[in-house]
Amino acid sequence: MTSSSWEPSVEGLSGSELAALSFERLKATLRYVYEKSPFYRRRFRDLGGDARNLSAPEDLELIPFTSKEDLRNNASSEVFAVPESDLVRVHMSSGTTGAPIVVGYTQRDIQTWSNLMARSLSAYGMTRNDIVQVAYGYGLFTGGLGFHYGAERVGAMVIPTSTGMTTRQIEIMQRARTTVLCCTPSYALYIGEKITQMGVDPRRDLSLRFGVFGAEPWSEGTRKRIEEYLGLVAYDHYGLTEMSGPGVAVECQERNGLHVWTDHFYPEVVDPKTGESLESGERGELVLTTLSREATPLVRLRTGDITSLETGRCECGRSFPRITRIHGRTDDMLKVKGTIVYPRQIEEVILDLPDVGNAWEMVVERKVGRMDSLTLRAEAASANVDIPSLRKELVEKLRQKLFLRVKVEILEVGDLPRFEGKARRVIDLREL
Ligand code: DLL
């Protein structure tokens, strides 16, 4: 932990100092949105004036959630708290259904976000001597530009490769002696496979120290594979467009959960069905309130992400509370024959087995009048794998983990798609 040139050392604050700062900013945010955002002004008026005057953090529970639907159904000008002329950038969320959600940034928002990204990257150990290859997509997606601005703020040298042209990415990595790779875990696996095919030895031919992977759920099995393929330490990184993008919660070098930057985001975990607040340690849906955004402040946004909140000090010395690695998204949750399944649970089982390759997908089907069925399509790791016994092992392991009979199809290496950004793992063919 260091104090830095880009911000005063908030990282050394005690738990109670941090909680007090966070609560002050929460109250200020509620006053700000009431004054500046027509959408929130209407909402709060319906609730009566008390909504602006929290006397304790628990009072926040009286304020309604903001859903992604709210953001889709209301014009940006209703939600935004500044006139359009104050914006210097917009990003859009990658939502798979409906209109995209537009998020705006003022000059100050960009600065705050870059500082937070610089703080996040320093927590992994980045310094001005690093050479950082940003292989997240640049564009409406926040990954590319978010990491780019953060790494520059640290003073490191950025190579903005964006996604794709994987062979070239690897050549650049060799030639420029890249020390830090930033991309989705799916793309890291893909790069890893390509490195092996090209006969590049990561420990001899590359200079990677660590990688920063996020934007989609990934398992410990995937982490091990990425570390093996690329010869680096793999860190998790969480964020979402509605909260600026990356830079919301990050692993430190202890890798025991992701510290939420609670001086900028106020986290709660609620029961996804009832919306009731859950205790620390209980798993539920993450709800976030922005504490410093000027253009698009959001109160109690339901993220759809399943995790739990852990308080208590971390060995690294930071008091920022941690969330456990994201278990899945409420909208990726499948209910098959009454059993709830998240894609990450499948990944946890299969990628621990060395005979299973890196690419996989799940197909859910419902024939009229029949129950749902789940099929796992996975690749064998090589041509030498004994396919019938691997299939049997997978069926058994999945039954033990999910209490569900899953059909398993084993394909050859290269049969399934690879992804340069976020992977698509679920193919839902259910007839409604
Ligand atoms: O994915 C921002 C980002 C860029 C985060 C680069 C990390 C690195 P969206 O496209 O709006 O923004 O998607 C946000 O992705 O609600 C989660 O469901 C998922 N997600 C993001 N990070 C993680 C992670 C970016 N570390 C949505 N683990 C979020 C699991 C993640 N899921």
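Being a predicted model, the structure only gives us computed values, none of them experimental. Numbering of ligands and ligand atoms starts at 1, following listing order.
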I'd like a table of donor-acceptor pairs (distance under 3.5 Å, sequence neighbours excluded) in which one partner is a side-chain atom from residues 350-358, with atom names and distances.
| from | atom 1 | to | atom 2 | distance (Å) |
| --- | --- | --- | --- | --- |
| N358 | OD1 | R225 | NH1 | 2.9 |
| N358 | ND2 | E193 | OE2 | 2.8 |
| N358 | ND2 | Y229 | OH | 2.8 |

Does the side chain of S319 pick up a donor-acceptor pair with the side chain of R313 at under 3.5 Å? yes

Short N/O distance, under 3.5 Å, between D236 and ligand 1? yes

Distance filter under 4.0 Å to R329 heavy atoms, resulting ligand 1 atoms: 16 (O), 17 (C), 18 (O), 27 (C), 29 (C)

Applying a 4.0 Å heavy-atom criterion (strictly less than), which segment of F213 is in contact with ligand 1: side chain, backbone, both, or neither? neither

Note: V212, heavy atoms under 4.0 Å from ligand 1, region reported as neither

Between D331 and K68 (salt bridge meaning N to carboxylate O under 4.0 Å), is one present in this structure? no

Residue selection (non-hydrogen contact nearest atom 9 (P) of ligand 1) among D305, I326, T241: T241

Is the closest side-chain donor-acceptor distance between R293 and S244 under 3.5 Å? yes

Pair T330-E285, side-chain donor/acceptor within less than 3.5 Å: no

Heteroatom distance test (G143, ligand 1): nitrogen or oxygen, under 3.5 angstrom: no

Please determine whether any non-hydrogen atom of F147 lies less than 4.0 Å from an atom of ligand 1. yes

So does R366 pair up with D372, basic N to acidic O under 4.0 Å? yes

Y136 and T142 side chains, donor-acceptor separation under 3.5 Å: no

Using a 4.0 Å cut-off to any heavy atom of T142, which atoms of ligand 1 qualify? 2 (C)

Does any donor atom in the side chain of T307 or T324 lie under 3.5 Å from an acceptor atom in the other side chain? yes

Atom 14 (C) of ligand 1: of A215, C183, G239, the nearest heavy atom sits on G239

Looking only at distances, can you tell me whether any N or O atom of E216, backbone or side chain, sits closer than 3.5 Å to an N or O atom of ligand 1? yes

At a 4.0 Å cut-off, with the gap strictly under it, does some heavy atom of K422 reach an atom of ligand 1? yes

Can you find an N/O atom of S93 closer than 3.5 Å to an N/O atom of ligand 1? no

